[in-house]
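Everything on this sheet refers to the single structure shown next.
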Protein chains: 2
Amino acid sequence: MTHDPNLAAPAEPPSSDNRSEAFQGVREARRNELAEDYVELIAELIHEHGEARPVAIAARLGVRAPTVTKALDRLAREGLITREPYRSVFLTEEGHALARECRRRHEIVLRFLIRLGLDAETAERDAEGIEHHVSEQTLALFAAYADEG
Amino acid sequence: MTHDPNLAAPAEPPSSDNRSEAFQGVREARRNELAEDYVELIAELIHEHGEARPVAIAARLGVRAPTVTKALDRLAREGLITREPYRSVFLTEEGHALARECRRRHEIVLRFLIRLGLDAETAERDAEGIEHHVSEQTLALFAAYADEG
DNA sequence: TTTAAAAGTTAGCTATGGCTAATAATTTAC
DNA sequence: GTAAATTATTAGCCATAGCTAACTTTTAAA
């Protein structure tokens with residue numbers, strides 16, 4: 001599940017302090033956020049338009065084309081997508097699994113926020129940021145509240 | 001409020017697409033996360049021990065000392081802290097304001113998660129990640145739920 | 001007071017994630 | 001079928017955020 005080279009990790013963890021665990025976890029999560037955003041978006045684009053072209057990815061993410069090229073190189077290196085130069089992008093099995101997982105989280109967070117009383121637009125924006133940082137336990141509580149709060 | 005050089009921003013925004021706004025916002029938030037974590041932690045350390053030493057910051061964040069030195073340089077450049085070589089760190093007025101704001105968010109998110117039914121440890125970990133990504137609207141709903149849900 | 005330990009800094013490495021400018025490939029239009 | 005427009009890539013820049021190794025400063029101990 002963890003396609004995470006983690007090349008800059010210390011030989012020996014800097015600290016086993018209890019308080020540092022939360023930050024360690026957050027940094028871990030941050031490293032995967034971009035990959036998750038891309039994979040989720042690629043799945044959406046394929047679903048909506050039959051293919052995921054870099055130009056569409058760039059437009060949706062609000063970044064320039066070369067940024068997308070570089071990011072896709074990294075995703076390919078990590079085994080989440082396959083691609084050929086100047087062609088559309090495809091998800092590997094692993095990428096597809098990650099996309100499903102992301103979509104699931106996103107939907108639960110979104111439904112939860114809307115149920116809480118948030119307007120759809122703000123809910124979408126907040127869900128985008130929150131979805132990468134909720135534990136499975138929190139997700140379960142969100143789902144329960146959304147379903148019958 | 002925004003001490004944000006944003007040097008790599010495009011001359012003309014890549015896209016005004018509605019769907020891209022959420023991602024733009026998340027990227028914006030991500031840029032400030034580290035600074036917020038540091039400032040919040042520095043305030044805590046000062047409160048707990050009377051001073052914030054780099055060695056303590058490194059231990060709490062779970063990173064190495066040079067990482068902290070560099071980050072503190074950046075915070076000083078941004079006007080959030082003041083410091084002298086080999087000495088403890090102090091918050092500027094702006095840094096103090098940001099720390100208060102972060103603490104407020106953190107506490108609301110934490111209280112909310114615990115009220116939802118999460119155990120304290122997981123709540124702490126999730127709050128650390130979530131606090132940077134909640135809008136003022138969501139925060140208000142969280143607070144309301146925590147106070148009398 | 002001198003020395004050893006701890007703390008902090010500097011230098012230099014890697015990788016990510018933005019960007020622009022220039023180039024290459026593919027599509028589209030004529 | 002060629003020319004123009006669009007799309008994609010490459011090269012090269014900058015800043016962040018981590019790391020180790022080596023060095024300096026400060027603090028603590030003997």
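What you see is a predicted model, and the numbers here were worked out from it, not measured in a lab. Chain letters run A, B, ... following the sequence lines, proteins first, then strands; residues in each count from 1.
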Would you say a side-chain N or O of [X] is under 4.0 Å from OP1 or OP2 of [N]?
{"X": "B/R27", "N": "C/dG17", "value": "no"}
{"X": "B/T69", "N": "C/dG8", "value": "no"}
{"X": "A/R31", "N": "D/dT16", "value": "no"}
{"X": "B/R64", "N": "D/dG18", "value": "no"}
{"X": "B/T67", "N": "D/dC19", "value": "yes"}
{"X": "A/R53", "N": "D/dA8", "value": "yes"}

How close or far is atom [atom2] of [N] from atom [atom1] of [X], stated in whole angstroms?
{"X": "B/Q24", "N": "C/dC19", "atom1": "CD", "atom2": "C1'", "value": "14 Å"}
{"X": "A/R87", "N": "D/dA8", "atom1": "CZ", "atom2": "P", "value": "10 Å"}
{"X": "B/E33", "N": "D/dA17", "atom1": "CD", "atom2": "C1'", "value": "13 Å"}
{"X": "A/K70", "N": "D/dG12", "atom1": "NZ", "atom2": "C1'", "value": "9 Å"}
{"X": "B/I57", "N": "C/dG8", "atom1": "CD1", "atom2": "P", "value": "9 Å"}

For B/R30 and A/P85, find the nucleotide of DNA chain C closest to each by heavy atoms; which residue's nucleotide sits nearer the 5' end?
B/R30
Mapping B/P54 and A/R74 onto DNA chain C by nearest heavy atom, which one lands closer to the 5' end?
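Counting from the 5' end, the first nearest nucleotide belongs to B/P54.
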Please classify the nucleic acid contact of A/R83 as base, sugar-phosphate, or nothing, using heavy-atom distances under 4.0 Å.
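The answer is sugar-phosphate, as A/R83 gets under 4.0 Å only of primed atoms, P, OP1 or OP2.
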Apply the side chain to side chain donor-acceptor pair (under 3.5 Å) test between A/H132 and each candidate in A/E36, A/E33, A/R105, A/H106; give the one that qualifies.
A/E36
